[in-house]
Participant: 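What follows is a structure written as C-alpha cells; I'll ask about it next.
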Amino acid sequence: MNAISARYTFIRQVALEAGKLAVSYYYDRNQLNIEKKKEDGQDLVTIADKNTEQFIREKIHQQYPLDTLFGEEGGYTQGASEYTWVVDPIDGTSAFIFGLPSWCISIALLDEQQNTQIAVVYDPVQDELFHAMAGHGAYLNQSPIKVNAVQSLNEGLLGVGISTRISPKYIIPFLDKLLHEKGMFVRNGSAALMLAYVAAGKLIGYYEPHLNSWDCLAGLLLIQEAGGVMNNYRAKDNFLLKGNYVLASSPKIYQQLESFRE
C-alpha cells in the first residue's frame, strides 16, 4: 500500500469516528454556546466545530506527524512531509445549530503540487460517506457514483451558495439567467455536501461566487472522479488561503452555466 492509499484508508475511518462526535453535539445542540466569527455575519462557530476539528487533527498527527494541517478553525500547522490535510470539521454550521440535517465533515489531502489526492465528505446524520482517491473513481459508502448525465438545465436541480462575504450582485444575475432558462436551484447551507450531491447525481451542478478551500477541495475531487466538469479552482494565486469561485456540473450543461457568470 503506497503513501496515498494508506492515508485514504486511514482518513475514511477518522471521518466516521469524527462524525460520531459531531452528531452527538448535534443531538444535544441546545446546550451549545454559539459564537460569531464576525459581528455582522452569519459565520457561526460552536464547541462542536472546534472539538471535532481537534479530534481530526490529533488523529492525523498521531498517524502522520510530519503532514501539514490546515483547518477552518485551527488554522495552518506546517509539517515536513509533502502532504497537506485541509479540514472543515462541520460545513453547514448554521444548519447544524438550527437542527437542519444539511451539514457534513469535509477533508481533503493535497500533494506537494497542491493537487487534491483524497476526498472525504461525511454526512453522519444520513450515514453517507462520499469518498474518492484521484484516479480511482468516486463512491458513496461502498457504491460507485457518477454525475447525472443531464442534457439541459430543466432536468434537475442546481445547487447554489452565497455568503455574507460576497455582495448579492454576484449571484442575482446568475440566478436570473438560470430561472429564465427554466432551471431551478436549491441551497441547503453546506457547499461541501451539495458538491458531494453533484458527484452522486443528486444535483446537476453547483455554483458559488466564492468558496474557501476547506469548503470545496474534497467536493471538487469527488465531482472530477465522478465524471463532472469544473472551473480551475487552483488558478487563483494562493487559493488555499484566499479561495475562489466554484462552478461544477454535469458535462453537457457546464458551458451554459459558465455563460451565466458573464
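As the structure is a prediction and not an experimental result, all values here were calculated from the model.
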Participant: Between Glu128 and Lys202, does any NZ, NE, NH1 or NH2 come within less than 4.0 Å of an OD or OE carboxylate oxygen?
Facilitator: yes
Participant: Do Asp67 and Ser81 get their side chains close enough for a donor-acceptor pair, meaning under 3.5 Å?
Facilitator: yes
Participant: Are Leu110 and Leu240 side-chain neighbours, meaning at least one heavy-atom pair lies under 4.5 Å?
Facilitator: yes
Participant: Check this for me: does any side-chain nitrogen of one of Arg57 and Glu53 sit under 4.0 Å from a carboxylate oxygen of the other?
Facilitator: yes
Participant: Is a side-chain donor or acceptor of Gln117 paired with a backbone partner of Met133 at a separation under 3.5 angstrom?
Facilitator: no
Participant: Side chains of Phe260 and Leu158: does their closest heavy-atom pair fall under 4.5 Å?
Facilitator: no
Participant: Between His131 and Tyr8, how do the two ring planes meet: parallel, tilted or perpendicular, split at 30° and 60°?
Facilitator: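 Judged by the thresholds at 30° and 60°, the geometry between His131 and Tyr8 is tilted.
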Participant: So Ile11 and Tyr122, do their side chains get closer than 4.5 Å, heavy atoms only?
Facilitator: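 Counting from C-beta outward, Tyr122 and Ile11 never come under 4.5 Å.
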Participant: Determine whether Asn51 and Tyr25 satisfy the following criterion, side-chain contact (heavy atoms from CB on, under 4.5 Å), listing intermediate values before the conclusion.
Facilitator: CA-CA 10 Å; Asn51 285 358; Tyr25 285 113; 2.8 Å; yes
Participant: Taking C-beta and beyond as the side chain, do Val147 and Pro251 meet within less than 4.5 Å on heavy atoms?
Facilitator: yes
Participant: For a 4.5 angstrom cut-off between non-hydrogen side-chain atoms, does Leu16 reach Leu129?
Facilitator: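 Yes, side chains in contact.
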Participant: Does a side chain donor of either Arg234 or Asn115 reach within less than 3.5 Å of an acceptor in the other side chain?
Facilitator: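 Checked: Arg234/Asn115 side chains pair up, N/O donor to acceptor below 3.5 Å.
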Participant: Under 30°, 30 to 60°, or over 60°: which ring-plane class applies to Tyr64 and Phe10, parallel, tilted or perpendicular?
Facilitator: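 Perpendicular, since the angle between the ring planes exceeds 60°.
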Participant: Might you work through the side-chain contact (heavy atoms from CB on, under 4.5 Å) test for Leu153 and Leu257, ending with a clear yes or no?
Facilitator: CA-CA 9 Å; Leu153 294 174; Leu257 290 171; 3.7 Å; yes
Participant: Any side-chain heavy atom of His210 within less than 4.5 Å of one from Ser163?
Facilitator: no
Participant: Is there side-chain contact between Met194 and Asn188, with heavy atoms separated by less than 4.5 Å?
Facilitator: yes
Participant: Salt bridge or not for Glu17 and Lys20, using N-O below 4.0 Å?
Facilitator: no
Participant: For Tyr76, what residues pass the side chain to side chain donor-acceptor pair (under 3.5 Å) criterion, not counting sequence neighbours?
Facilitator: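 Tyr76 satisfies side chain to side chain donor-acceptor pair (under 3.5 Å) with Gln78 once adjacent residues are dropped.
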Participant: Under 4.5 Å between any side-chain heavy atoms of Thr116 and Leu220, yes or no?
Facilitator: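 A side-chain contact is absent here, since even the closest heavy-atom pair is not under 4.5 Å.
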